[in-house]
Amino acid sequence: MSQAARPDPNNLEALWMPFTANRQFKRAPRMLVGAKDMHYTAADGRQILDGTAGLWCVNAGHCREPITAAIREQAGRMDFAPGFQMGHPLAFEFASRLAALLPGDLDHVFFANSGSEAVDTALKIALAYHRAAGQPQRQRLIGRARGYHGVGFGGMSVGGIPGNRKQYGAGLLGLVDHLPHTHDLAHNAYAKGQPEWGAHLADELDSLVQLHDASTIAAVIVEPLAGSTGVLVPPKGYLERLRAICDRHGILLIFDEVITGFGRLGRAFAADYFGVVPDIMTMAKGITNATVPMGAVAVRKAIYDAFMTGPDGIELAHGYTYSGHPLAAAAGLATVALYQSEGLFERAASLAAYWQEAIHSLKGTPHVVDLRNLGLVAGIELAPRPERPGTRAYDVFVDCFEHGLLIRVTADIIALSPPLIVQKAQIDQMVDTIGQALRRAA
């Protein structure tokens, strides 16, 4: 290739960016060129404190040598192995390691490549399980308003964020209904940890059972803590009620732990934190510390066993070219080992109280109408500008980046979820930077 024909690294037009206002970004790009531990390096050389663990996923901090070394070593030994009618040892080893970490009798793991794929896989497993168990009429899926379950058609169908659904309405699944979300500022604003109000909203599942008949419902899927919609913390007793209603009617309960998995709440999984074991669990993001894309679905033993009957043959007509990819499996093994050797889940739990008080110190700051937290997660809800919702939080996002902090915003809500290696001084820096940005915001 001649020098004249080489791609221009400063030409931003070829890339269509995901979940991004492309024209707005390309007029004033925010480029990251390096990362280490708690910081990104911006293109202008500035250090940017990572308040979001990338996209809720870099739980152990950036470029951790035990993980990157495992990837390098595996890439030199075997770059790829087919997963259809073939296998490689690392995929089996990692599945066993995850099974030992999972709660209850969630002991079989199906690998995917992202949270979106994990959700669609979980929904397929739920439908196929009922067919294998002799109840093929159970085809209806129940999601929740404001839920986010990725961008596959299945995940969008059970998801409940209108902006993620409206462009694709004709392609969404038909046999789907939704529970109400649990967020109500009139009752649970400024709650520290789980709100006292709202457990009764789980009883809406009984109303849907009466409407559709339990014998038609395959599964209910919820995020134990809803992240992408702006950090909605479950009320006390809410998840326990959902579990009880599902048990009463033979409905599978799916926890989407793509965000909450791997220490975000101070335990391995939200299921451990809340003491509620689902029938199926999705994982991704922190499963490899985001170094190599990977997702996974864990199922209870009885679900797996239901497929392992009848004559030999393919029991589940589903899978991905990169399921259990060798590099991802190597990264996952090294990641879980690092979480355990450094006690990062326990560390997150030990920081939760300090995090809570730091976040709630923003009460009374201009534009703040709610603060909420659990584990090392926080949501800061802002009053929207009249006729221009979302613009205030976006301006705060840009301001924070210019002052050395990466935050995440959705509508007029700031979401924070730092790597679990965060120091107390860095928590203080995050809160101070956000507070100053809010005071500058119109």
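Keep in mind that what you see is a predicted model, and the values were worked out from it rather than measured.
With Asn59 contributing its side chain and Pro419 its backbone, the two residues share no donor-acceptor pair below 3.5 Å. Put simply, the side chain of His62 never gets that close to the backbone of Met38: no donor and acceptor are under 3.5 Å apart. The backbone N or O of Phe307 lies less than 3.5 Å from no partner atom in the side chain of Thr309, so there is not a single donor-acceptor pair. Distance alone, capped at 3.5 Å, is enough to place a donor-acceptor pair between the Arg165 side chain and the Gly159 backbone. Judged by distance alone, the side chain of Asn22 and the main-chain N or O of Trp16 form no donor-acceptor pair under 3.5 Å. Without hydrogens or angle criteria, His367 side chain to Leu382 main chain gives no donor-acceptor distance under 3.5 Å. Under the 3.5 Å distance criterion, the side-chain polar atoms of His88 are matched with a main-chain donor or acceptor of Gly324. A donor-acceptor pair under 3.5 Å is formed between the side chain of Ser114 and the backbone N or O of Glu117. A donor-acceptor contact shorter than 3.5 Å links the side chain of Gln194 to the backbone of Pro234. Put simply, the side chain of Ser116 gets close to the backbone of Val151: a donor and an acceptor are under 3.5 Å apart.
Side-chain atoms of Leu106 and Pro278, non-hydrogen and from C-beta on, do get closer than 4.5 Å to each other. Contact check for Phe110 versus Leu316: side-chain heavy atoms found under the 4.5 Å cut-off. Contact of the Asp256 side chain with the Val119 side chain is registered, since non-hydrogen atoms from C-beta on lie closer than 4.5 Å. Within the 4.5 Å cutoff, the side chain of Ile421 has heavy atoms near those of the Arg64 side chain. Taking the side chain as every heavy atom from C-beta outward, Val377 and Trp56 approach each other to under 4.5 Å. Two residues are said to be in side-chain contact when any heavy atoms from C-beta on lie closer than 4.5 Å; Phe262 and Met283 meet this criterion. At a threshold of 4.5 Å between non-hydrogen side-chain atoms, the residues Leu12 and Pro29 count as touching. Considering only heavy atoms from C-beta on, Arg140 comes within 4.5 Å of Ile142 through its side chain.
In summary, the side chains of Thr260 and Tyr273 do not present any donor paired with an acceptor at a separation below 3.5 Å, with no hydrogens or angles considered. No hydrogens or angles considered: nothing links the side chains of Asn289 and Thr291 as a donor-acceptor pair under 3.5 Å. Thr52 and Asp50 form a side-chain donor-acceptor contact under 3.5 Å, judged by distance and modelled atom types alone.
Counted within 6.0 Å of CZ on Phe92, heavy atoms from surrounding residues, nucleotides or ligands total 12 or fewer; the atom is thus considered open. Other residues, nucleotides and ligands place no more than 12 heavy atoms under 6.0 Å from the CZ atom of Arg23. Counting non-hydrogen atoms of neighbouring residues, nucleotides and ligands closer than 6.0 angstrom, the CG atom of Leu185 exceeds 12 such neighbours. In this structure, Arg347 places its CZ atom where more than 12 heavy-atom neighbours from other residues, nucleotides or ligands lie under 6.0 Å away. Atom CE of Met308 has more than 12 neighbouring heavy atoms from other residues, nucleotides or ligands inside a 6.0 Å radius. Atom OH of Tyr304 has 12 or fewer heavy atoms from other residues, nucleotides or ligands within 6.0 Å. Within a 6.0 Å radius of NZ in Lys26, more than 12 heavy atoms belonging to other residues, nucleotides or ligands are found.
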>> Between Val158 and Ile254, does the side chain to side chain contact (heavy atoms under 4.5 Å, CB included) criterion hold? Intermediate values first, please.
In response: CA-CA 11 Å; Val158 294; Ile254 304 172; over 6 Å; no
>> Determine whether Lys192 and Asn373 satisfy the following criterion, side chain to side chain contact (heavy atoms under 4.5 Å, CB included), listing intermediate values before the conclusion.
In response: CA-CA 6 Å; Lys192 293 184 176 182; Asn373 68 280; 4.3 Å; yes
> Would Asp370 and Tyr190 satisfy side chain to side chain contact (heavy atoms under 4.5 Å, CB included), going step by step from the backbone distance to the final call?
Replying inline: CA-CA 5 Å; Asp370 188 31; Tyr190 297 104; 4.1 Å; yes
> How far apart are the C-alpha atoms of Arg264 and Glu257, what are their side-chain angles, what is the distance that settles it, and do they pass the salt bridge (charged side-chain N to carboxylate O under 4.0 Å, His left out) test?
Replying inline: CA-CA 10 Å; Arg264 182 52 52 193; Glu257 294 230 25; over 6 Å; no
>> As a quick check of understanding, evaluate side chain to side chain contact (heavy atoms under 4.5 Å, CB included) for Leu252 and Ile303, giving each step before the final call.
In response: CA-CA 10 Å; Leu252 298 179; Ile303 294 176; 4.1 Å; yes
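In summary, of the residues considered (Arg146, His183, His181), a side chain to side chain donor-acceptor pair (under 3.5 Å) with Thr229 occurs for Arg146 alone.
Using bins of under 30°, 30° to 60° and over 60° for the plane-to-plane angle, the ring pair Tyr148/Phe19 lands in the perpendicular bin. In this pair, Tyr322 and His325 present their aromatic rings tilted. The plane angle is within the 30 to 60° band. Below 30°, between 30° and 60°, or above 60°: for Tyr168 and Phe153 the angle between ring planes is above 60°, a perpendicular geometry. Ring geometry for Phe397 against Tyr394 counts as tilted: the plane angle lies between 30° and 60°, on a 0 to 90° scale. Note on ring orientation: taking the six-membered ring where Trp is involved, the planes of Phe94 and Phe111 are parallel (angle under 30°, cut-offs 30° and 60°).
Note on Asp120 versus Lys124: no salt bridge recorded, every NZ/NE/NH1/NH2 to OD/OE distance being 4.0 Å or above. For Asp279 and Arg243, the salt-bridge test passes: some basic side-chain N is under 4.0 Å from an acidic carboxylate O. Look at Glu223 and Arg144 and you find no salt bridge, because none of the NZ, NE, NH1 or NH2 atoms lies under 4.0 Å from a carboxylate O.
The shortest non-hydrogen separation linking Gly263 to Phe345 is CA-CD2, 3.3 Å. Looking at every heavy atom in both residues, Val292 comes nearest to Leu327 through CG2-O, 4.1 Å. Closest of all the heavy-atom pairs between Ala441 and Val396 is CB-CG2, 4.1 Å.
Not counting sequence neighbours, Ala132 has no partner by the side-chain contact (heavy atoms from CB on, under 4.5 Å) test.
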